[in-house]
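Okay, so here's the structure we're looking at.
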Amino acid sequence: MADIPPDLTNARIAELFDELGDLYELDGAVVHRVLAYRNAAKAVRDASRSVATLTREGTVTSLPGIGKTLEEKLKALVDTGSIPALDRLRGTFPPGLIAMTRLPGLGPKRARKLYDELQIDSLEALAQAAQDERLRGVKGFGPKFEVAVLEAIAAGHGDERSRRIPLYRAMETAGPIVEALRAHPASDEVHIAGSARRMADSVKDLDIIATASDPRALLDAFAALPELESAGNPGDNAARGITHNGLSIDVRVVEPDQLGNLLQHFTGSKNHNTALRAAAVRKGLHVSEYGITDDATGQTHRCATEEEVYALLGLPWIPPELREDRGELQFTGEADVPQLITQADLKGDLHMHTIASDGRATITEMAIAARERGLSYIAITDHSASHGFGNDVSPDELRRQIQRVREADAAVEGITILAGTEVNILPNGSLDYADDLLAELDWVVASVHTAFNLDERAMTQRIVHALEHPHVHALGHPTGRKIEQRPAYAVDIDAVIEAAARTGTFLEINSAPDRRDLHDVHARAAVAAGVLLVIDSDAHGPEKLGLTSWGVGTARRAWVTPTQVANTRSWEELAALRKGAPDR
DNA sequence: GCCGTTTTCGGCCCGACTGTTTTCAGTCG
């Protein structure tokens with residue numbers, strides 16, 4: 001069996017399927033065929049295993065949305081490096097045509113029409129034609145479109161898919177706005193909906209659903225908030241604002257008896273709602289944001305709560321984090337809904353930094369802050385000997401740090417302080433402290449901080465080697481990704497999960513809000529493989545210990561229950577589960 | 001192109017808005 005090309009990552013394959021969808025759409029394919037490619041792209045992107053490998057194994061059709069035809073295309077891609085249909089379509093339509101379809105108001109149908117009738121094949125040619133007022137000669141296009149298209153191109157639309165911002169940054173901006181709406185005398189209930197409510201990694205914009213005694217007063221108050229750069233009224237009971245840092249916020253005020261319908265609709269996800277509605281149709285029910293219509297009676301039920309919406313469809317209430325059409329619509333009753341972990345379940349935090357490396361506080365300060373948060377143990381895990389940036393902890397310094405931890409543990413009541421390290425995994429998979437020094441520690445988390453650009457095979461070997469080390473208890477931020485900033489390094493995450501399961505090493509969900517690494521799909525695969533997770537703050541100061549809410553959000557999206565997370569246990573119980581523990 | 005408590009064919013979520021059009025297709029979320 002020939003090797004799988006190293007650059008054939010799931011992300012790359014998903015891109016190719018998306019491109020095929022775009023091209024088939026331009027080619028005039030029926031909408032459902034196009035949709036099939038988009039669905040397949042999402043399934044590939046979400047797959048926890050290498051789709052190229054699944055293709056080689058002949059099991060790729062087990063993924064939802066991948067059938068015989070797409071399997072054939074995947075086989076061609078894996079075997080030859082290309083998909084014949086994609087090559088053919090690329091030869092038919094200039095790449096600029098796809099950029100044109102990204103413009104607001106210009107979809108594939110209309111872009112194709114301009115290409116066929118005016119031979120417009122790029123944003124530049126489109127702008128020129130609009131400038132020359134030639135677009136209005138085509139049926140369906142008029143002067144308003146010429147103005148709009150020039151504005152859109154000037155604003156940079158069409159250059160790329162619209163950018164998303166990490167959820168934590170959106171919430172930093174939106175938090176005060178939501179607080180202001182909640183505090184307003186005219187407001188009753190104020191809910192954040194959309195991907196923010198689902199605790200997604202990133203958001204495009206923010207949806208707020210509210211009920212109010214005086215909708216107009218609330219919307220006017222919203223529009224007048226100093227956080228907004230501009231605001232408008234797209235409808236009677238809605239407002240849209242754009243914050244100074246470019247976040248778009250939609251507010252809808254609804255009647256209390258429809259709050260459940262609207263909240264459900266605007267929480268999404270799109271895939272969840274589409275699948276939910278398709279299932280409802282089979283029962284003779286039609287779901288929209290305004291209610292649920294019954295074919296048999298013609299009556300529309302309005303729902304004040306989401307519980308009613310789901311109950312009418314024969315489903316238990318589904319936690320927003322699960323609403324991704326990843327199996328949650330198979331629930332038949334409350335008993336099927338996993339008891340998802342909450343931040344209150346965490347009893348300890350096993351990854352944080354102090355002034356010994358790049359943290360801002362002392363051991364004692366961190367311990368007191370953790371105790372105030374209700375934690376019963378923490379591990380001090382400063383960076384190791386070769387970390388660089390002036391923050392390295394030499395072996396001798398680590399010995400002194402262990403002593404300081406023992407002293408602090410004795411001095412601070414009500415919390416156990418553990419001596420640990422975040423040791424670097426060097427490019428060859430070895431660690432940058434000696435084994436006898438690591439053996440003195442209570443807790444060792446190993447992480448990759450250098451040489452991110454190894455190829456997948458080398459990176460996987462590097463990490464698996466570290467997981468096999470007898471003193472390594474957990475793998476820190478396992479893929480190195482930063483949300484909307486830096487992709488994961490090339491690594492076979494299935495092999496990492498397998499090695500973690502085999503060696504009894506925990507995998508971390510790092511809660512730094514720009515990391516949230518492992519991400520949800522991989523975390524779900526890890527617990528399915530029997531791996532225990534740890535959810536850590538990676539705090540660099542006392543005020544950052546609460547960041548574990550982000551890691552918990554990721555864990556909930558991964559269907560994780562408290563027992564699947566090691567640090568929901570007491571330190572005594574957890575210690576006994578560590579690799580190499582005497583009674584393990 | 002996928003899929004099955006309408007199972008191997010014939011379906012595939014729903015409604016609002018837009019610019020253009022005299023009744024609507026395409027786009028968007």
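Sequence lines set the chain letters: A, B, ... in the order given, protein chains first and strands last, and positions in each chain run from 1.
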What do you reckon, is [atom1] of [X] surrounded by more than 12 foreign heavy atoms closer than 6.0 Å?
X	atom1	result
A:R169	CZ	no
A:Q339	CD	no
A:Q343	CD	yes

### Task
Give A:V287 one of three labels, base, sugar-phosphate or nothing, depending on what nucleic acid heavy atoms sit under 4.0 Å from its own.
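Sugar-phosphate contact only - A:V287 comes under 4.0 Å of backbone atoms but never of a base.
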query: Looking across every strand, which nucleic acid part, if any, lies under 4.0 Å from A:H265 by heavy atom: base, sugar-phosphate, or nothing?
result: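 A:H265: no heavy atom of the nucleic acid under 4.0 Å.
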Using the [atom1] atom as the point on both nucleotides, what is the distance between [M] and [N], in whole Å?
N	M	atom1	result
B:dT18	B:dG11	C1'	29 Å
B:dA25	B:dT21	C1'	10 Å
B:dG26	B:dT22	P	14 Å
B:dC9	B:dC14	P	26 Å
B:dC17	B:dT23	C1'	16 Å
B:dT27	B:dT20	C1'	13 Å
B:dA16	B:dG10	P	32 Å
B:dC3	B:dT8	P	16 Å

List every contact pair, protein side and nucleotides 1-4 of chain B side both N or O, where the distance is under 3.5 Å.
{"unit_1": "B:dG1", "atom_1": "OP1", "unit_2": "A:R33", "atom_2": "NE", "d": "3.4"}
{"unit_1": "B:dG1", "atom_1": "OP1", "unit_2": "A:R33", "atom_2": "NH2", "d": "3.1"}
{"unit_1": "B:dG1", "atom_1": "OP1", "unit_2": "A:Y37", "atom_2": "OH", "d": "3.2"}
{"unit_1": "B:dG1", "atom_1": "OP2", "unit_2": "A:R33", "atom_2": "NE", "d": "2.8"}
{"unit_1": "B:dG1", "atom_1": "OP2", "unit_2": "A:R33", "atom_2": "NH2", "d": "3.2"}
{"unit_1": "B:dG1", "atom_1": "O5'", "unit_2": "A:R33", "atom_2": "NE", "d": "3.4"}
{"unit_1": "B:dC2", "atom_1": "OP1", "unit_2": "A:G67", "atom_2": "N", "d": "2.6"}
{"unit_1": "B:dC2", "atom_1": "OP1", "unit_2": "A:G67", "atom_2": "O", "d": "3.4"}
{"unit_1": "B:dC2", "atom_1": "OP1", "unit_2": "A:L70", "atom_2": "N", "d": "3.3"}
{"unit_1": "B:dC2", "atom_1": "OP2", "unit_2": "A:T69", "atom_2": "OG1", "d": "3.3"}
{"unit_1": "B:dC3", "atom_1": "OP1", "unit_2": "A:G65", "atom_2": "N", "d": "2.7"}

Taking every non-hydrogen atom, the tightest pair across A:N10 and A:V44 |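 For A:N10 versus A:V44, the nearest heavy atoms are O-CG1, 3.3 Å.
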In whole Å, what is the span from the [atom1] atom of [X] to the [atom2] atom of [N]?
X	N	atom1	atom2	answer
A:L329	B:dT5	CG	C1'	16 Å
A:F145	B:dT21	CZ	P	13 Å
A:L114	B:dG26	CG	P	13 Å
A:N261	B:dG15	CG	P	12 Å
A:D294	B:dC14	CG	P	13 Å
A:R112	B:dA25	CZ	C1'	17 Å
A:E289	B:dG15	CD	C1'	6 Å
A:I292	B:dG15	CD1	C1'	15 Å

Of the listed nucleotides [options], the one nearest the side chain of [X]:
X	options	value
A:Y290	B:dA16, B:dT27, B:dT20	B:dA16
A:V281	B:dC13, B:dG15, B:dT21	B:dC13
A:R282	B:dT27, B:dG19, B:dT6	B:dT6

**Asked** Is NZ or CZ of A:R110 both nearer than 6.0 Å to the six-membered ring centre of A:F145 and within 45° of the ring axis?
**Response**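 Yes, a cation-pi geometry holds between A:R110 and A:F145.
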Discussion item. On DNA chain B, does the nearest nucleotide to A:R110 precede the nearest nucleotide to A:A148 from the 5' side, or the other way round? Give the residue.
Written reply: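 Closest to the 5' end, via its nearest nucleotide, is A:A148.
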On DNA chain B, compare the nucleotides closest to A:K139 and A:T274; which residue's is nearer the 5' end?
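Here A:T274 is the residue nearer the 5' end.
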Which base sits across from B:dT8 as a Watson-Crick or G-U pair, both distances under 3.5 Å?
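Here B:dT8 is not engaged in any pair, so there is no nucleotide opposite it.
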#### Entry: Among A:R38, A:K109, A:R33, A:R112, the one residue meeting salt bridge (Lys or Arg N to Asp or Glu O under 4.0 Å) with A:E25
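Checked A:R38, A:K109, A:R33, A:R112 against A:E25; only one passes salt bridge (Lys or Arg N to Asp or Glu O under 4.0 Å): A:R38.
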ask   = Among side-chain atoms of A:E308 and A:N261, is any donor-acceptor pair under 3.5 angstrom?
value =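 Result is no, nothing qualifies.
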* Separation between NE2 of A:H272 and CZ of A:R198, rounded to the nearest 0.5 Å ->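 Output value for this atom pair is 9.5 Å.
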Check the pair A:E324 / A:R557 against side-chain contact (heavy atoms from CB on, under 4.5 Å), numbers first and verdict last. CA-CA 9 Å; A:E324 299 288 347; A:R557 289 177 58 80; 3.0 Å; yes
